[in-house]
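Reckoned from all heavy atoms, side chains included, excluding hydrogens, waters and symmetry mates.
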Amino acid sequence: MRQKQRFLPAFLVIIIMGILIASYVIAAYAMVKPESDRICKGVYADEVDLGGMTADEARSVLNEHIAKLAQRTLTVDVNGKTVTTTLAGLGYASELDPVIEEALKIGKEGNLFTNYAQIKEVASEHKVFSLAGNYSEEKLKEFIEKKCTKKCTKAKNSSIRMENGSLVYTKSRKGEKLDVDATMELAKKALEEQTEAADVQVQAVVTKKEPAISKKLASRCKDELGRFSTSFNAGNISRSKNVENAARLINGAVVYPGETFSVHDAISPMTEENGYYAAPSYSNGEVVDSIGGGVCQVSTTLYNALLLAELEIVERSPHSMVVTYVKPSMDAAIAGDYKDLKFRNNTDVPVYIEGGTVSGSVYFHVYGEETRSPDRKVEYESETLETIQPGEDKITYDKTKPASFTQVTQEAHIGYKAVLWKIVTENGESKKTQVNSSTYKAEPRYVTKGGAKATATPKPGETPKPAASSKPAKTPKATKAPTATKEPKATPVPKQTEAPEPDEPSKEPDSPLATAAPIPAEDGGQ
């Protein structure tokens, strides 16, 4: 009993002390406790003090802070030439809401004592949230690829040109190549580490780049591999200008090893602005005028020069009707994007093409490195397999002309099926291989006849009515046929002539019955 009486005062003292401490904590917490919608003192985001702010106030302050950070710059040094962008330009941004949400929870989620302890701790030691600003890696890569790489010196190939009948070669130059991936990794690392720097510095990774064609390699293009020429009628001014213009646009072309050359791409577009004129062309078996008439004689001439140079022909098409400036299967038509002449430089040395016109002839010389045996002889032989007769005249009646009127608007064209053979003689032995096969359609003669009704014979005593014309109608001379002869004859191969050949815009390459919309011009024969 006495022992219980001894401990009672001590127990009471403990209870009183506890009450006093609790009262103190309650009073102290009441003094430091933040309002429910405000952040407690001592909370920071980076170096920004958020204490006492509402969520909206904190968001406004932090947005200003992020905007300031976004004005930091990233400078990339590309061999002494600098390129700069702001972090804003890289899409720099930061997620603020999660930080603000966590800041509002401090000193509010536990019991009274826990909250008080947390508030006191934050007040003395501060709670700092890191604003991890994020940038777009895609935009960073785009900046390095598009802006930084421009500061690299480009490698310069040796060029080839003809001067006074001789090939000359310019000096080549080494260039620089920026390693985009390696530079990007360095930039990302710098942005992570140089967080306090106003200007983040990065040294780009640059390597030397050799030119694809050095002067030493270019100078190996010194030998004439093949040459060919065809004749045209210089008196046909428009067509002659088209031939000259197309040859000019191809002249001086350099085709590097492995590259493919397109005649269509080289001479296009077929417009007056690009130096072309309207000249005779084929359209579904009829001769009409089209812009660029005659350019296929240029592609045909180049084709034969390439054959003699033994370069790889990637694409070649025959005309729809036979031409006369070369034998069957030795032609190469150009028509829009569906008929083209393409060749690939399948050698190790650049190929140079020289071309032009002189005295009614168009010519091409193909230069490269001669690696063939001196005793190698290359010839090409055209063989006609079948001759197709043109059939009956196609007659059109013109009611405005008298019945006696007759005009041949287009001569007939004989059709052919032909092949081209390559004959190589080397070391005393000959080998014959087929190069291509071609089909040329036959077309009848086009004739216009008068369709006017005959006038009635006047009765005796009546005055006859005057005729529509005081002069008797004359029968116009027939236009030249687009073959070697005036009248169609069943000759195996049309003779070569200097007559010009028209280009051919055909609605369907080889069908006179087509009704589709016109397709760009294809060269034909006259």
Side-chain angles (χ1 to χ4, degrees), residues 233 236 239 279-290 293-294 296-297 317-329 331 333 335 339 382 384-418 437-452 473-497 499-519 521-526:
N233 181 6
N236 188 332
R239 188 179 187 282
S281 306
Y282 287 150
S283 177
N284 288 336
E286 295 186 71
V287 177
V288 299
D289 279 350
S290 68
C296 286
Q297 184 165 353
S317 297
H319 292 79
S320 59
M321 291 187 290
V322 73
V323 298
T324 59
Y325 43 80
V326 291
K327 295 178 180 180
S329 275
D331 59 324
K339 284 189 178 184
S382 169
T384 298
L385 305 177
E386 183 181 345
T387 301
I388 307 165
Q389 294 303 319
E392 297 181 357
D393 291 351
K394 183 176 287 187
I395 300 173
T396 302
Y397 290 94
D398 186 346
K399 294 182 178 180
T400 66
K401 303 293 184 183
S404 60
F405 178 85
T406 299
Q407 181 182 17
V408 178
T409 57
Q410 181 180 304
E411 294 291 349
H413 292 73
I414 299 173
Y416 297 95
K417 289 185 178 180
S437 63
S438 306
T439 298
Y440 305 93
K441 66 183 179 180
E443 279 293 330
R445 190 173 65 160
Y446 284 69
V447 179
T448 299
K449 291 188 176 183
K474 292 183 179 180
T475 302
K477 293 182 179 180
T479 57
K480 280 190 176 181
T483 54
T485 58
K486 293 183 179 179
E487 294 294 331
K489 295 181 181 180
T491 52
V493 181
K495 293 181 180 179
Q496 188 165 340
T497 175
E501 311 304 326
D503 289 328
E504 177 177 353
S506 78
K507 295 181 180 178
E508 194 64 37
D510 292 309
S511 172
L513 303 177
T515 57
I519 295 175
E522 171 203 318
D523 207 11
Q526 178 79 346

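- Residue Q407 holds its CD atom at 11.0 Å from OG1 of T396, rounded to the nearest 0.5 Å.
- Rounding to the nearest 0.5 angstrom, the gap separating the NZ atom in K394 from the OG1 atom in T409 is 10.5 Å.
- In this structure, the side chain of D393 does not engage the main chain of I395 through any donor-acceptor pair within 3.5 Å.
- With hydrogens and angles ignored, the 3.5 Å screen pairs no side-chain donor or acceptor of T384 with any backbone N or O of A418.
- Within the 4.5 Å cutoff, side-chain heavy atoms of K441 are placed close to those of S320.
- In this structure, the side chain of D331 engages the main chain of H319 through a donor-acceptor pair within 3.5 Å.
- Summarising the geometry, atom CD belonging to Q410 is positioned 11.5 Å from atom CZ belonging to R445; distances are rounded to the nearest 0.5 Å.
- What you find for I388 and A442 is that their closest heavy atoms are O-CB, 3.5 Å.
- How far CD1 of I414 is from CD of Q389: 5.5 Å, rounded to the nearest 0.5 Å.
- Nearest approach of V447 to T406, heavy atoms of both residues: CG1-CG2, 3.8 Å.
- Counting all heavy atoms, side chain and backbone alike, S437 lies closest to S329 at C-OG, 4.1 Å.
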* Asked: Between Y416 and T387, is a side chain to side chain contact (heavy atoms under 4.5 Å, CB included) present by the stated rule, with each step listed?
  -> CA-CA 5 Å; Y416 297 95; T387 301; 3.9 Å; yes
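- S317 contributes no side-chain N or O that, together with a main-chain N or O of A333, makes up a donor-acceptor pair within less than 3.5 Å.
- Side-chain N or O atoms of S382 include one that pairs as donor or acceptor with a backbone N or O of P328 at under 3.5 Å.
- When every heavy atom of Y325 is checked against every heavy atom of R239, the shortest pair comes out as CE2-NH2, 3.9 Å.
- In this structure, the side chain of K417 does not engage the main chain of Y440 through any donor-acceptor pair within 3.5 Å.
- Side chains of P280 and N236 form a contact here, defined as non-hydrogen atoms less than 4.5 Å apart.
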